[in-house]
Amino acid sequence: MGSTQRPGAYFDWVMANAILDDQGDGMICQETGTPCGEGTTGCNGNDPCIPDLNYENSIRKVDRTTVKDIGEIASAYSEIQSTLDKADAGLNPLGLASNVVPFGLNPTAIQQGQTHFDQIYQRAVSALSNAVTAFNYANENTRRLRNLQDRVDTFDDLVEERELDYEARLIEIFGKPYPEDIGGTGAYPVGYNGPDLYHYDYADPSELIGTQGSGNTTTFTITFQEQTVDPVSGVITVSPRTVNFVVSTDGLGLVKPEGWTERTEPGEIQFSRSELLQGIGRYQQSVDRYESLIDQIEIQADLLESLYELNRNVLQVMREGQALQQSLNQQILVSRLLQARFRTIGANALRIANAIAEGLPTSLIGGLANGGDFTGPIRASVRRAASFIEFAFNQTADALSVVEQQRQFDKEWASAEQQIQITGYQGDYQVEQQVAALRNLVRQLPSSRLEIYTLGESVNQATGRYHAAIGRGLRLLDQRAAYRRRTADEVSEFRYQDMAYRVFRNESLQKYRAQFDLAAEYVYLAARAYDYETNLLGTHALAGRQYLTNIVKQRTLGVMAQSGPQIGSGLAGTLAEMFINFDLVLRPQLGFNSAAELNRTFSLRWELFRKPNTNAFNSDWQQVLEDARVSDINDFVEVPEYRMFCKPLNADPDLPAVANPGIVLRFSTKIFSGLNFFGHASQADEVYPSSYDTIKLHSIGIRFENYPLGTLNNQAEVYLVPAGMDVLREPTNGEIRNWQLLDQTLPVPFPLGEQSLAAADWMPWDSLSGGSRAMVKRRLIPQVTGLPAQGHEDDEDLRYHLTGRSVWNTQWVLIIPASELRGAPHPNGDPLDLFIYGTR
């Protein structure tokens with residue numbers, strides 16, 4: 001299987017690298033913003049394909065630098081290969097040998113009724129409790145991480161709300177951009193729905209101030225440094241943004257380009273600008289009215305002055321006409337007077353002449369007698385007198401006629417004078433009217449000036465509100481920028497906290513995973529101890545073998561209560577089920593609660609080699625020992641058991657290495673009726689009852705008969721190794737079952753505390769009593785002290801390292817190293833010779 005995993009993983013790795021670029025190009029269409037290739041590939045028409053400045057921080061960046069899963073292929077292969085290596089080494093996925101059975105039991109606990117399974121079960125419970133502690137610690141870190149994530153989620157919600165609030169408030173102030181300013185060559189990308197932060201001063205043409213269009217304009221470009229905050233990393237990215245501005249060359253300021261429509265949503269700045277324009281319009285109208293009023297006053301003043309001049313001229317003309325009329329009337333009156341006088345004088349002269357003529361005789365006969373006219377003089381006198389009377393009356397009549405004419409002239413004069421006065425009064429009235437009109441116009445000046453001042457103040461206020469709106473918007477932008485910086489700091493802090501919590505969580509999970517694996521190993525060992533203790537065949541319903549595969553597959557702890565593991569899922573459920581089966585069913589049925597204590601002393605000389613313990617058979621026994629001599633116990637060919645099972649001797653490194661000869665006795669044991677412990681027909685032997693299903697070691701001691709004290713050491717350290725298979729009988733039918741055991745070292749765990757878990761360099765193996773993870777291997781058998789037989793049994797040095805092993809084994813190996821009998825050099829002879837032959 002391993003041979004297929006390597007090329008498969010390599011093929012997957014090559015394919016993944018072939019599909020992904022080493023680094024993405026990050027090109028987008030300038031107009032549409034969609035991804036494209038080099039040149040104009042993927043873009044419509046002449047739309048160029050340009051680098052995307054935001055590509056590095058976008059989710060579109062998919063290349064070998066961003067796809068981290070490629071490295072997991074190699075990691076997964078390494079994990080698979082490690083598992084395969086374990087399988088090739090004969091280990092199960094937990095790292096334990098398939099034939100492992102834990103020992104290192106406490107003999108005192110056994111004497112108190114705790115079986116092999118009980119003791120390993122307690123270790124498994126301790127390991128599970130430690131795993132629960134590690135789980136709780138990891139769960140606490142996970143809870144902290146979850147709380148942090150909840151805080152981050154809440155913070156993200158708050159940030160989103162604040163961003164939406166800032167955006168809404170900015171839109172209220174700056175308004176939204178013109179539709180033509182979004183996408184393409186506009187100032188904002190496609191889909192932008194935020195405030196108009198660049199062209200907020202663009203205004204629609206206003207008839208109020210006489211702007212019907214943009215007029216003459218020019219365009220200039222400004223490059224802004226735009227800050228954006230990555231919501232995930234909190235990194236503030238500064239990217240350039242080029243924005244075009246259209247400005248009027250007619251003094252109208254910034255104006256929107258020709259062809260642009262209207263804003264979808266104007267803001268306070270636009271309203272303030274509109275109000276300012278209206279205020280300016282009203283102010284201009286007021287100024288125009290004031291100027292018109294001044295013009296009216298000036299016109300009225302000019303009109304008044306003209307009226308004064310007109311009235312003066314009219315009166316002057318009338319006075320001059322009156323004087324001329326008077327002069328003419330005087331002349332007419334004089335002429336009339338002269339005319340009447342002359343007419344009267346002429347008439348009177350005619351009358352006188354006529355009277356004189358009347359007085360002349362009509363005949364030249366003198367005297368009366370002559371017939372003359374003596375009345376003629378009388379008539380002439382009469383007529384003359386009458387002429388004088390008529391003249392006087394005519395003269396009076398002429399005088400009266402002149403007086404009448406004079407009265408007529410006076411009448412005309414009075415009429416003219418009256419007309420002049422009326423005209424003067426009328427002129428004065430007209431002047432008064434014009435003065436009143438002028439006074440009314442002048443009275444309007446203060447209110448007109450007040451209106452101008454008021455509208456001017458309104459314009460100033462509108463200008464202030466406009467500037468205040470811009471200032472408020474800029475302050476809001478500064479607040480948002482500061483908020484984003486704080487957000488970036490908090491995001492960075494969150495990321496550092498997240499990173500720290502993740503490190504702690506991952507570390508605690510790693511510790512929990514290791515502790516879980518250790519607990520699984522202990523539960524597995526408990527199942528093996530259960531199986532070894534009960535020795536039930538795999539077909540039995542309560543056999544321990546059925547739990548092994550289930551334990552290996554478990555990925556959860558299960559439920560651990562104050563009283564111990566609880567029935568259910570996980571490791572705890574399996575362990576609880578084993579304990580209940582063992583404690584409630586098998587313990588009374590198989591007699592573990594009433595175990596018998598058997599003390600036996602076996603003689604290798606007699607019971608194994610059948611050499612009677614008499615002097616006559618000393619040489620035979622010595623030959624047996626001589627045949628068991630080896631040149632060097634370190635030779636793997638001669639004594640493979642020493643290198644495989646024994647805890648090695650430690651020689652002085654300053655001395656030269658030398659061979660260490662020894663005596664190696666190999667033998668097997670059996671328990672059958674009629675046979676002794678070593679398989680011979682029983683005769684004067686110590687025997688074990690064959691009716692017992694299992695007989696296990698509690699303690700052992702070795703004694704030497706005829707040991708040469710004073711020449712050899714007072715005690716000899718030797719090895720007793722169960723190198724073969726333990727043999728047990730199945731309790732239900734007595735079927736013999738062989739156990740090829742491997743006693744792997746897995747020391748007892750101490751109770752675990754949070755302080756240990758919080759240590760950076762702590763691992764579960766540090767909590768083991770007497771070892772680390774490196775000790776999870778074959779348990780090496782230490783030496784047993786061999787004592788002279790003449791001592792008391794109470795003085796025996798009983799060792800318990802084989803406690804729990806079956807006394808029935810297919811091969812025992814007794815190794816007696818020469819260096820443990822006496823050290824070199826050997827002036828009194830070889831220690832093995834002394835051990836075999838004694839003092840000669």
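Keep in mind that this is a model prediction, so the values were computed, not measured. Positions are given from 1 along the sequence. Basis for what follows: all heavy atoms, side chains included, without hydrogens, waters or symmetry-related copies.
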message: Using side-chain heavy atoms (C-beta onward) and a distance below 4.5 Å, is Leu697 in contact with Thr803?
response: no

query: Less than 4.5 Å apart, any side-chain heavy atom of Leu598 and any of Pro689?
result: yes

message: Please find the pair of heavy atoms, one from Asn809 and one from Pro722, that lie closest to each other, and give the distance.
response: ND2-CB, 3.6 Å

statement: Closest heavy-atom pair, Ala596 versus Tyr692, reported as atoms and distance to 0.1 Å, is CB-OH, 3.6 Å

task: Scan side-chain atoms only and decide if Tyr512 and Asn136 contain a donor-acceptor pair under the 3.5 Å cut-off.
output: no

task: Check whether any side-chain N or O of Glu607 sits under 3.5 Å from a backbone N or O of Ser603 as a donor-acceptor pair, and report yes or no.
output: yes

Counting only pairs under 3.5 Å, give me each side-chain donor-acceptor contact of residues 563-573, with atom names and distances, residues two or more places apart or in other chains.
residue	atom	partner	partner atom	Å
Ser563	OG	Gln566	NE2	3.2
Gln566	NE2	Gly564	O	2.9

query: How close do Ala723 and Val813 get, heavy atom to heavy atom, and via which atoms?
result: CB-CG2, 3.8 Å

- request: Measure the spacing between CG of Leu665 and CG of Leu720 and express it to the nearest 0.5 Å.
  value: 10.5 Å

statement: Rounding to 0.5 Å, atoms OG1 (Thr785) and CD (Glu717) come to a distance of 3.5 Å

Polar side-chain atom of Asn634 near backbone of Asn660 as donor-acceptor pair, under 3.5 Å: no

Beyond-backbone contact of Arg528 with Asp531, side-chain heavy atoms, under 4.5 angstrom: yes

Donor-acceptor side-chain pairing of Asn139 and Thr142 below 3.5 angstrom: no

query: Between Glu641 and Arg666, is any pair of side-chain heavy atoms under 4.5 Å apart?
result: yes

query: Is the closest side-chain heavy-atom distance between Val718 and Ile815 below 4.5 Å?
result: no

- prompt: By ring pair (Phe, Tyr, Trp, His ring centres under 6.0 Å), which residues pair with Trp739, not counting sequence neighbours?
  reply: Tyr532

- prompt: Do Gln546 and Asn550 get their side chains close enough for a donor-acceptor pair, meaning under 3.5 Å?
  reply: no

query: Is it true that a side-chain atom of His698 and a backbone atom of Pro107 form a donor plus acceptor pair closer than 3.5 Å?
result: yes

- prompt: Is the closest side-chain donor-acceptor distance between Thr601 and Glu686 under 3.5 Å?
  reply: no

- request: Go through the steps to decide whether His116 and Tyr530 satisfy the test ring pair (Phe, Tyr, Trp, His ring centres under 6.0 Å), and finish with yes or no.
  value: CA-CA 8 Å; His116 187 177; Tyr530 174 94; over 10 Å; no

query: Can any side-chain N or O of Ser806 pair as donor or acceptor with the backbone N or O of Val727 at less than 3.5 Å?
result: yes

Residues forming a side-chain contact (heavy atoms from CB on, under 4.5 Å) with Ser682, sequence neighbours excluded: Asn676, Asp685, Val687

- prompt: With sequence neighbours left out, what residues match Lys696 under salt bridge (charged side-chain N to carboxylate O under 4.0 Å, His left out)?
  reply: Glu533

- request: Measure the shortest side-chain to side-chain distance between Leu649 and Glu820 over non-hydrogen atoms and say whether it is less than 4.5 angstrom.
  value: yes

Heavy-atom side-chain proximity of Asn733 to Leu537 below 4.5 angstrom: yes

query: Which residues pass the ring pair (Phe, Tyr, Trp, His ring centres under 6.0 Å) test with Phe672, sequence neighbours left out?
result: Trp808

- prompt: Please, which pairs that meet ring-ring contact (aromatic ring centres under 6.0 Å, His included) have at least one residue in residues 565-586, sequence neighbours excluded?
  reply: Phe117-Phe582, Tyr121-Phe579, Phe582-Phe592

query: Looking only at heavy atoms, which two atoms of Tyr719 and Lys647 are closest? And how far apart?
result: OH-O, 2.6 Å

message: Working to the nearest 0.5 angstrom, can you tell me the gap between Leu128 CG and Asn130 CG?
response: 9.0 Å

message: Using side-chain heavy atoms (C-beta onward) and a distance below 4.5 Å, is Phe704 in contact with Phe835?
response: yes

- request: List the atom of Leu536, the atom of Arg737, and the distance in Å for their closest heavy-atom pair.
  value: O-NH1, 2.7 Å

query: Between Pro648 and Tyr642, what is the shortest heavy-atom contact and its length?
result: CA-OH, 3.4 Å

- prompt: In Å, rounded to the nearest 0.5 Å, how long is the span from CG of Leu625 to CD1 of Ile816?
  reply: 7.0 Å

field: Phe103 and His801: CA distance, side-chain angles, deciding distance, ring pair (Phe, Tyr, Trp, His ring centres under 6.0 Å) verdict
entry: CA-CA 8 Å; Phe103 289 95; His801 56 265; over 10 Å; no

- request: In plain terms, say whether Glu705 and Arg605 are close enough for a salt bridge, that is, a side-chain N and a carboxylate O under 4.0 Å apart.
  value: no

task: For residues Phe602 and Tyr688, establish whether the separation of their ring centroids is below 6.0 Å.
output: yes

message: Please report the interatomic distance CG(Leu728) to CD(Glu730), rounded to the nearest 0.5 Å.
response: 10.5 Å

